[in-house]
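Keep in mind that this is a model prediction, so the values were computed, not measured. Every chain is numbered from 1 and lettered A, B, ... according to where its sequence line falls, protein lines coming before strand lines.
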Number of protein chains: 2
Amino acid sequence: MGDAEAVESYSNVLSGVVKLTKGLSDGRQQIVGLQFAPDFLGRPFKSESAIDAEAATEVSLCSFPRTVIERMMKASPGLEHRLLKQTLNELDEAREWMLALGRKTASERVASFLLMIARNIDPAADPAARSASFDLPLTRADIADFLGLTIETVSRQLTRLRASDVIRIENNRHVTVDDLGRLEQRCGD
Amino acid sequence: MGDAEAVESYSNVLSGVVKLTKGLSDGRQQIVGLQFAPDFLGRPFKSESAIDAEAATEVSLCSFPRTVIERMMKASPGLEHRLLKQTLNELDEAREWMLALGRKTASERVASFLLMIARNIDPAADPAARSASFDLPLTRADIADFLGLTIETVSRQLTRLRASDVIRIENNRHVTVDDLGRLEQRCGD
DNA sequence: CGCGCGATTGAGTGAGCTCAAGCCTCGTGG
DNA sequence: CCACGAGGCTTGAGCTCACTCAATCGCGCG
């Protein structure tokens with residue numbers, strides 16, 4: 001629990017959000033993944049591939065040393081199967097964001113981000129619900145690092161969404177979307 | 001073999017390069033992965049996630065129906081293990097490109113692309129070799145779709161690399177890099 | 001109160017896009 | 001054998017979206 005860098009071991013995210021980041025030598029940074037409960041955390045079969053894990057919010061983890069998990073995986077094929085499924089899902093998500101980073105405009109990226117968060121965090125996880133309300137798990141700086149934009153651009157796009165009555169924002173963090181359909185229309189796909 | 005869209009089955013890429021693409025409704029497109037021999041091709045446990053597979057070059061495949069592979073995977077844990085390893089590698093690659101798409105400049109992206117291709121294609125797969133020579137498996141349009149740029153920008157950056165004597169180009173397709181170190185310096189990381 | 005941190009807002013700049021023209025190579029048909 | 005056209009690539013000119021730099025705001029905390 002807290003914001004330590006938990007590498008060299010496997011963990012299960014019990015609550016909170018963990019960000020996975022990659023950086024360039026001159027300080028530019030990109031968030032390459034967000035892990036929500038109850039995701040796994042860690043990179044089997046390899047000496048951590050230059051990815052840093054950092055808590056984005058208060059986080060509670062359940063972690064094991066590397067060797068233990070690797071032994072468990074050999075013993076129980078079910079575990080490996082579950083890990084494969086999660087990895088495939090992460091790959092799908094990564095590719096979804098490659099599309100956003102490579103081809104979407106700033107406003108489409110922000111809309112897509114809000115929609116993704118809404119779907120992951122909104123407590124009333126009713127997929128049919130046409131509205132959502134949630135706290136952003138990331139600061140503007142983190143959102144910018146996730147979307148490949150600057151803080152200022154993120155802020156301006158949020159302001160525009162608010163001005164268009166697509167979202168409401170309270171305390172800089174809490175977002176309410178009355179009509180998710182209107183948000184979806186702004187995602188570009 | 002050829003350039004058909006091979007979905008709904010699993011395949012092994014025997015030779016050539018397959019591009020995985022995602023598109024937006026208005027036609028914008030992004031290449032989200034390249035599969036070289038001897039990669040797997042296909043998406044287990046899911047009804048193909050809005051990703052299209054298309055041959056980038058002449059390709060030869062060895063493919064099986066979905067059901068067969070899924071049965072084989074249940075029978076042999078070794079297969080599932082191998083699939084997990086490849087999937088983890090693809091995830092690493094996808095994240096590498098998220099960094100490029102989100103944070104690298106056009107010239108850094110082109111340099112990174114050339115380096116990636118050199119490492120995958122150069123016949124003399126000697127990792128210690130400090131030079132490489134290879135045919136680009138993609139057209140300028142495909143490179144642009146992979147790097148989140150336009151054809152024109154890709155072309156201009158290649159011209160700049162050529163003008164700086166980092167690469168030589170023959171027939172628009174064949175690239176020679178005399179000093180890979182100089183190319184690496186232009187990747188940003 | 002005053003400081004620090006995160007966020008917003010404004011003004012000006014520039015990297016990469018759009019639009020447009022021209023080049024090169026190769027295949028096809030006269 | 002050459003003319004022609006198509007497709008892929010390059011180059012140029014101008015524009016625009018997102019970036020940079022800078023000022024300001026608001027809030028929480030010592």
Side-chain angles (χ1 to χ4, degrees), chain A residues 3 19 24 26-31 54-58 100-114 135-164 167-175 186 188, chain B residues 3 19 24 26-31 54-58 100-114 135-164 167-175 186 188:
Chain A
D3 60 355
K19 50 181 178 162
L24 267 28
D26 63 359
R28 282 174 287 172
Q29 214 177 32
Q30 175 70 38
I31 294 183
E54 202 178 332
T57 63
E58 284 293 295
L101 294 171
R103 292 302 186 198
K104 287 190 184 179
T105 64
S107 49
E108 288 167 343
R109 292 185 209 184
V110 171
S112 304
F113 172 75
L114 290 175
D135 275 349
L136 290 175
L138 303 182
T139 64
R140 299 291 187 275
D142 283 337
I143 297 173
D145 278 351
F146 188 67
L147 299 179
L149 301 170
T150 58
I151 294 178
E152 294 94 323
T153 299
V154 171
S155 181
R156 280 185 248 270
Q157 296 304 331
L158 287 173
T159 300
R160 285 188 53 206
L161 284 174
R162 194 167 14 140
S164 318
I167 61 175
R168 278 174 290 141
I169 302 183
E170 291 152 88
N171 300 331
N172 281 346
R173 285 287 199 139
H174 192 80
V175 176
R186 301 184 177 234
Chain B
D3 60 358
K19 50 182 179 162
L24 298 174
D26 63 0
R28 280 173 288 172
Q29 214 178 32
Q30 176 70 37
I31 294 182
E54 202 178 331
T57 64
E58 284 294 295
L101 294 171
R103 291 303 186 200
K104 287 190 184 179
T105 65
S107 47
E108 289 167 343
R109 292 185 210 185
V110 171
S112 305
F113 172 74
L114 291 176
D135 275 349
L136 290 174
L138 303 182
T139 63
R140 300 291 188 274
D142 283 338
I143 297 172
D145 278 352
F146 188 66
L147 298 179
L149 299 171
T150 58
I151 293 178
E152 295 93 326
T153 299
V154 170
S155 180
R156 280 186 249 270
Q157 296 305 331
L158 288 173
T159 300
R160 284 188 54 207
L161 284 175
R162 193 165 15 134
S164 317
I167 61 175
R168 278 176 288 140
I169 303 184
E170 290 153 89
N171 300 329
N172 282 345
R173 284 288 196 138
H174 193 80
V175 176
R186 302 183 176 234

Check: Who are the side-chain contact (heavy atoms from CB on, under 4.5 Å) partners of B:D26, not counting sequence neighbours?
Finding: B:L24, B:R28
Item checked: d(CZ, A:R140; P, C:dG6) in whole Å -> 12 Å
Check: At what distance, to the nearest 0.5 angstrom, does CG of A:D135 lie from OG1 of A:T57?
Finding: 10.5 Å
Next item on the list: Output, in order, the C-alpha distance, side-chain angles, deciding distance and verdict of side chain to side chain contact (heavy atoms under 4.5 Å, CB included) for A:L158 and A:F113.
Entry: CA-CA 11 Å; A:L158 287 173; A:F113 172 75; over 6 Å; no
Next item on the list: Kindly indicate whether the side chain of A:L161, heavy atoms from C-beta on, has any atom under 4.5 Å from the side chain of A:R186.
Entry: yes
Notebook entry, point to check: According to a strict under-4.0 Å criterion, is A:T105 in side-chain N/O contact with OP1 or OP2 of D:dC17?
Noted result: no
Check: Between C:dA7 atom P and A:Q157 atom CD, what is the distance in whole Å?
Finding: 16 Å
Check: When the distance from CG of B:L101 to C1' of C:dG16 is rounded to whole Å, what number comes out?
Finding: 15 Å
Margin query: Can you measure B:K104 atom NZ to C:dA15 atom C1' for me and round it to whole angstrom units?
Written below: 17 Å
Next item on the list: Round to the nearest Å and state the distance from B:R173 atom CZ to D:dG8 atom P.
Entry: 9 Å
Notebook entry, point to check: Counting distance only, does the side-chain N/O of A:R109 pair as donor-acceptor with the main-chain N or O of A:A100 below 3.5 Å?
Noted result: yes
Tabulated below should be each protein N or O lying under 3.5 Å from an N or O of nucleotides 19-21 of chain D; please produce it.
| unit_1 | atom_1 | unit_2 | atom_2 | d |
| --- | --- | --- | --- | --- |
| D:dC19 | OP2 | A:T150 | N | 3.4 |
| D:dC19 | OP2 | A:T150 | OG1 | 3.1 |
| D:dC19 | OP2 | A:T153 | OG1 | 2.3 |
| D:dT20 | O4 | A:R156 | NH2 | 3.1 |
| D:dC21 | N4 | A:E152 | OE2 | 2.9 |

Contacts table for residues 139-154 of chain B: side-chain donor-acceptor under 3.5 angstrom, sequence neighbours left out:
| unit_1 | atom_1 | unit_2 | atom_2 | d |
| --- | --- | --- | --- | --- |
| B:T139 | OG1 | B:A141 | N | 3.4 |
| B:T139 | OG1 | B:D142 | N | 3.1 |
| B:R140 | NH1 | B:N172 | O | 2.9 |
| B:R140 | NH2 | B:N172 | O | 3.0 |
| B:D142 | OD1 | B:K19 | NZ | 2.9 |
| B:D142 | OD2 | B:K19 | NZ | 3.4 |
| B:D145 | OD1 | A:R103 | NH2 | 3.0 |
| B:T150 | OG1 | B:T153 | N | 3.2 |
| B:T150 | OG1 | B:T153 | OG1 | 3.0 |

Notebook entry, point to check: In whole Å, what is the span from the CG atom of B:N171 to the P atom of D:dT10?
Noted result: 12 Å
Check: What integer distance in Å separates B:R160:CZ from D:dT11:C1'?
Finding: 15 Å
Next item on the list: Round to a whole Å and report the spacing from CD1 of A:I143 to P of C:dG6.
Entry: 13 Å
